[in-house]
Amino acid sequence: MKVLVLNAGSSSLKYQLIDMSNEEVLAKGNFERIGQDNSFLTHKVGEDKHVIETPVKNHEEAIKIVLEQFTNSEYGVIKVLGEIDAVGHRVVHGGEKFATSVVITDEVIEGLKECIPLAPLHNPAGLSGIEACKRLMPGTPMVAVFDTAFHQTMPKEHYIYPVPYEYYEKYGIRKYGFHGTSHRFVSARAAELLGGQREDLKIVTCHLGQGASLAAIKGGKCLDTSMGLTPLAGIPMGTRCGDLDPALVKYIMECEHISIDEVDKILNKNSGVFGVSGISPDFRDIEEAKAKGDERATLALDIYNYLVAQCIAKYAVTLQGIDAIVFTAGIGENPGTVRQGVCDNLAFMGVKIDEANKFKRGCEGELSTPDSKIKVFLIPTNEELMIAKDTMSLVK
Ligand code: AMP
């Protein structure tokens, strides 16, 4: 079975065509700047890269060009589009309506529309990708896989905010969490590495990328996660602030004489490690500056490592113990000082990283010493494969 995985962002479209018989990625790519005059597609077949510069107005035009690449006479990977058996769509927000991946029907599309207020920037893009595929590939079954779904197992006392309860009832204000597909993928893999899923297996997964979140998972079910109603909550990120004293918003507005939208933008785009270091949202740049003795880069990394470690320790309460910690995504999968810095903060819990594994990069393996009280793993995430697997199992 061949599955096309689509991840439509507000102005981008990432995709992979996967042959599920051997999980081989036949082709993948990214259409960037959709809706602008300078939009372009980078299409990859193995090591070969093809860049197509062409303005596209919307996701439908972009998907049409992507589909043409799959059957291209020179570097095509299939003969006819009919060889694509199913399409899996990444959808950011499924609200409380979607606790698992679902086959897309007209009713599901209506449900997705109802979730737009919860993700006004992201869900419309996902929907336009779905509508476009419906028109361009009629009859091909499609599946929606939600970033929020995995976290729907959180108990109520973990997802209700201590604000007037009617906001939850009227507006759906609660913790939802994101990166669910990644947390599900790496925690399932960690369970395999630990000898199989058990009811009492307690894992904390740390998805540390440009956006970052942690999840507390027991017996394969999420009990808590660090992002909230929106992906602004939790640990600090490249440019996002993470958890704050909420009174800070009003205070900044008054001090800087700026609007609520401007504060919102500052907390989303100018905060996190970028805001503290004043250098870059990219951890490679911050690590480099720290190595040269830059004080604010060092401070940004110290804050980050402290807050990630604190969140892990908090999840020891949630899970009543921790068997394993998993690092994944751009920062978690690469060497640098973060993994070590986080684990140093957890030394009191008996967490020990093996010196020999300190610089491990991008490949699965155990990072902890044999006598570490909690196992530490590096597990590269693969959200596309997870989406393709869900798609295959639902349309089969
Ligand atoms: P992601 O969102 O998972 O693609 O992660 C992207 C982020 O990972 C980048 O912005 C960097 O901050 C970080 N990153 C990527 N490569 C490295 C590296 N070699 N060392 C440290 N951080 C890295």
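For ligands, and for the atoms within them, numbers begin at 1 and follow the listed sequence.
Residue contacts with ligand 1 include Gly209, since one or more of its heavy atoms lies under 4.0 Å from the ligand. Using a 4.0 Å heavy-atom cutoff, Pro335 is listed among the residues neighbouring ligand 1.
Residues Lys389 and Glu23 are paired through a salt bridge, judged by an N-O separation under 4.0 Å between the basic side chain and the carboxylate. Of the charged side-chain nitrogens involved, none lies within less than 4.0 Å of a carboxylate oxygen, so that Glu287 and Lys290 do not count as a salt-bridged pair. Between Asp282 and Arg284 there is a salt bridge, since at least one side-chain N of the basic residue sits less than 4.0 Å from a carboxylate O of the acidic one. Ion pairing between a basic and an acidic side chain is recognised when a charged N comes within 4.0 Å of a carboxylate O; Glu61 and Lys57 show such pairing. Using a 4.0 Å cut-off between charged side-chain N and carboxylate O, Asp224 and Lys314 make no salt bridge. The pair Asp371-Lys352 counts as a salt bridge, with a side-chain nitrogen and a carboxylate oxygen less than 4.0 angstrom apart.
Distance check for atom 4 (O) of ligand 1: every protein heavy atom is found at 4.0 Å or beyond.
Close approach of ligand 1 to Arg361 (heavy-atom distance below 4.0 Å) involves ligand atoms 19 (N). Atoms of ligand 1 found under 4.0 Å from any heavy atom of Ala329, numbered from 1 in the order shown, are 3 (O). Atoms of ligand 1 lying under 4.0 Å from any heavy atom of Gln210, numbered from 1 in the order shown and given with element: 1 (P), 2 (O), 5 (O), 6 (C), 9 (C), 10 (O), 12 (O).
Of the protein's non-hydrogen atoms, the one nearest atom 11 (C) of ligand 1 is Asp282 OD1, 3.3 Å. The protein heavy-atom contact nearest to atom 15 (C) of ligand 1 is Arg284 CZ, 3.6 Å. Closest protein heavy atom to atom 13 (C) of ligand 1: Ile331 CG1, 3.5 Å. Among all non-hydrogen protein atoms, the one lying nearest atom 23 (C) of ligand 1 is Gly330 O, 3.7 Å.
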Sequence neighbours excluded and cut-off under 3.5 Å, please list the side-chain donor-acceptor pairs for residues 241-250, or say none.
residue, atom, partner, partner atom, Å
Asp243, OD1, Gly234, N, 2.7
Asp245, OD1, Ala247, N, 2.9
Lys250, NZ, Glu254, OE2, 3.1

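Residue Asn334 places at least one N or O, backbone or side chain, under 3.5 Å from an N or O of ligand 1. Residue Glu287 has no N or O atom closer than 3.5 Å to an N or O atom of ligand 1. Between Phe283 and ligand 1, an N or O atom pair is found at a separation short of 3.5 Å. Between Leu208 and ligand 1, no pair of N/O atoms sits closer than 3.5 Å.
Annotation: cation-pi pair Arg174/Tyr168 absent, no NZ/CZ under 6.0 Å from the ring centroid and within 45° of its normal.
A donor-acceptor contact closer than 3.5 angstrom links the side chains of Arg361 and Asn334.
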